[in-house]
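Side chains are part of it too, since the values below use all heavy atoms of this structure and drop only hydrogens, waters and symmetry mates.
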Amino acid sequence: HISKCLFTSCLILTANIVRNMGEIKNVDSNGKWKESIHAQLDALQTEQSFVCNLIRQLNALEGRFERLRIENACLTSEKAMGAEQNYTSSSGGDPQAVKIQRLEHKVYEVQEELTSLHRAKSSLSDQLVAVTTGMQEKEAEVQQNKNRVTDLESELMLLKEDCERKKEDIEQLTTLNNVVRDEYNTLNMTYEALNGQFLELKKENAELVARWILYKSKDADRLNAENDQHYQLQRRVLEASLEEAAKDFNAVVLPSSEECARELALGTLVCPCSVVPTNCFFSLETHDADLHTLRVSHHGRLLATGGEDRKLKLWNIARDGFTYSQMLMGSNAGINSIDFSPDDSLIMAASTDYASRIWSIQDLRIRHTLTGHSAKVMACKFVNDVSKVITGGHDRTIKIWDLRSKACSRTIFVGSSCNDLDLPKSSPSLVFSGHHDRKLRIYDLRANNEATSVVDVVARVTSVSLFNNSHSCLVSCRDNTLRVVDIRTNAVLTEFVAEGLQLGSDSTRACVSPDDSYVAVGSSDGSMHVWNADTAALESALPAKHTSCVVACSWTPDGQAFLSCERSKQVKMWSHI
């Protein structure tokens, strides 16, 4: 009975151990795995105590077995002694024999019980060995699970820390998102408000543009009416001058504008020898504000002047001076450069208001307004073909305009502010431009927009003037030097310098005489300097007749008179006598 109980208890213990180890592996799904593991470990400890009790019982059984064995040995000895006595006394009926028989029977029973105990002991020993082996394996598995639990706890701590950091990041991002959303809402409201204002301003701008166009139309009509009056007055003055000139036997007969234009276009105009100016015999204040430039017409009968007062004035040139002829209106800012068309029928002016305008000299009306530059326009020139003009400005571009389509047909990006430009009469496809970056650039309009030649002239270029032979170019520079550049070799041939010469601005214009014999320029102190173009010798240093900086000068086409203008409104006329 004891062996059966012990065997049953061992089986129950083994089953409980297996069940507990399975429960350790299956962690509670609700996350209370620590409490579950502790409970299972307590149950395992209880089972281990039960096994220990079984072992103690087994040890007790072994002690009892040993006592019974000793007792059995004693009984066996007594039995032997009784047999001997029985042998010696063969007579029956002895009570001692009955006692021996009972003892033999008792010994037999004890031997049977001892045999049964041996079998139970052997079975329990085997079971105990198996249970012990299983317990050792389970203990090793428990230790592994404990180590795994420790690792999982460490990983769980790291994950908790990472989770906390993620929560903080989420909170920061949420706060930032709220701020950005608030800013977006504010900006959206601001945009809506500004968009409403923009639509209102756009509508107001359209109304203002319509009103401005209406006012400009009225202003143009008024200017045309004034020009008509000036034209009628000019005709009367011209008729009177012609009548007076007819009486003067010394009157000079100049070629007609058509003949002069034809000869200039063909390059066959023969100029008499130019004179070296020595005496200022006529002076007149021409404008209400600073004077910027002047230009003499190709036939030599008209002088055009422009200045800061936004007016383009025409003057009749006579032997003894010049007289007011007419005024062209329409420019919105100061005039920087002037040029006549080859037939002297049109006149063009470049302005500070980023535009150039072309008037008809006959009816004094604006024919074209050329807008497209993004800075003030400093130079303008007619091409031999009257349908094309060229302009250059401080927006670092040179633009070619088609007057038939009234649009810019080509834009050349030159990389530096253009202060002046000129075109040779013999080759109108070439353009010579002087720039702020100390370069003289030559462009061929038949090619691409790249300069065919670039000449370094040491200092900033203020003006460009081509000789009539079309082989040389006069360049005035801010280092107070005039240089002649050979177009064929792109080399500087001659330099003109003089003591006291100082160019007054970046737009000071030098000039070449009609016969290419002389070059001249004005100084900031009001004096004039004239050099021999062939020898570079200073021919004349005219005294400071001007009261301010001289900005431009020019010979008349016959070379017999010389004109110069100063910034402070005065234009002076010079001769050699």
Side-chain angles (χ1 to χ4, degrees), residues 31 155-220 289 308 310 330-336 349-357 366 368-380 390-402 405-419 433 435-437 439 448-451 460 506-507:
E155 185 177 355
L156 179 62
M157 291 299 295
L158 294 176
L159 291 174
K160 285 183 178 180
E161 293 176 358
D162 191 21
C163 183
E164 293 296 329
R165 288 195 298 269
K166 297 297 182 183
K167 287 182 180 179
E168 293 178 358
D169 294 341
I170 291 173
E171 292 178 357
Q172 293 178 358
L173 291 174
T174 302
T175 305
L176 182 60
N177 184 41
N178 294 332
V179 173
V180 171
R181 185 183 294 108
D182 295 339
E183 291 181 355
Y184 169 76
N185 294 332
T186 303
L187 291 174
N188 192 31
M189 295 174 61
T190 305
Y191 166 75
E192 294 295 336
L194 292 176
N195 189 41
Q197 295 179 6
F198 168 74
L199 294 177
E200 293 178 359
L201 290 175
K202 187 176 181 179
K203 182 178 179 181
E204 184 179 356
N205 180 62
E207 295 176 355
L208 290 175
V209 169
R211 290 169 57 190
W212 179 78
I213 292 174
L214 178 62
Y215 290 152
K216 292 297 289 185
S217 177
K218 292 180 179 179
D219 191 31
E308 194 65 32
R310 301 178 293 177
S331 178
N332 297 321
I335 294 173
N336 301 316
S351 179
T352 307
D353 63 352
Y354 309 167
S356 299
R357 294 170 178 83
I366 294 180
H368 306 281
T369 299
L370 309 177
T371 59
H373 284 280
S374 59
K376 62 182 179 179
V377 186
M378 294 299 298
C380 59
I390 298 179
T391 59
H394 277 186
D395 60 352
R396 303 178 182 180
T397 63
I398 294 175
K399 293 182 179 291
I400 297 121
W401 307 83
D402 189 345
S405 62
K406 299 181 181 180
C408 176
S409 62
R410 185 174 174 184
T411 298
I412 301 174
F413 295 93
V414 295
S416 179
S417 298
C418 178
N419 289 331
S433 59
H435 298 273
H436 191 270
D437 63 353
K439 299 292 190 300
N448 55 22
N449 289 345
E450 296 295 330
R460 296 196 302 271
D506 285 347
S507 58

Any side-chain heavy-atom pair of D353 and K376 under 4.5 Å: no

Determine whether a donor-acceptor pair (N or O, by modelled atom type, separation under 3.5 Å) exists between the side chain of S416 and the backbone of D437. yes

Donor-acceptor pair, N185 side chain versus R181 backbone, under 3.5 Å? yes

Give the minimum heavy-atom separation between C380 and A350, together with the two atoms involved. SG-N, 3.7 Å

So, does T397 use its side chain to make a donor-acceptor pair with the main chain of F413 at under 3.5 Å? no

For the residue pair T371 and W401, what are the closest heavy atoms and their distance? O-CH2, 3.4 Å

Exercise: identify the closest heavy-atom pair between C418 and S433: SG-CB, 4.1 Å

Using the side-chain contact (heavy atoms from CB on, under 4.5 Å) rule, take N336 and T352 through it: C-alpha gap first, then chi angles, then the decisive distance, then the call. CA-CA 7 Å; N336 301 316; T352 307; 3.2 Å; yes

Nearest non-hydrogen partners of A349 and I335, listed with the distance: CB-CG2, 3.8 Å

I want to check something: taking the side chain as every heavy atom from C-beta on, are R211 and L214 in contact at a cut-off of under 4.5 Å? no

How many angstroms lie between atom CG of L156 and atom CD of E161, to the nearest 0.5 angstrom? 10.0 Å

Close side-chain approach of R357 and N332, heavy atoms under 4.5 Å: yes

Between NZ of K166 and CD of E171, what distance do you get to the nearest 0.5 Å? 14.0 Å

Return the CG to CG distance between L187 and D182, rounded to the nearest 0.5 Å. 11.0 Å

Show every salt bridge (charged side-chain N to carboxylate O under 4.0 Å, His left out) that has at least one partner inside residues 393-402, sequence neighbours left out. D402-R404

Does S217 use its side chain to pair, donor to acceptor, with the backbone of I213 at less than 3.5 Å? no

Measuring from K202:NZ to E200:CD, what's the distance to the nearest 0.5 Å? 13.5 Å

Of T391, I412, T411, which is the lone residue that meets side-chain contact (heavy atoms from CB on, under 4.5 Å) with I400? I412

Interatomic spacing from OG in S356 to CE in M378 - rounded to 0.5 Å: 11.5 Å

What pair of heavy atoms forms the shortest contact from T174 to I170, and how long is it? OG1-O, 2.6 Å

CG-CG distance between D162 and D169, expressed to the nearest 0.5 angstrom: 9.0 Å

Shortest non-hydrogen contact from G392 toward V377: O-CG1, 3.5 Å

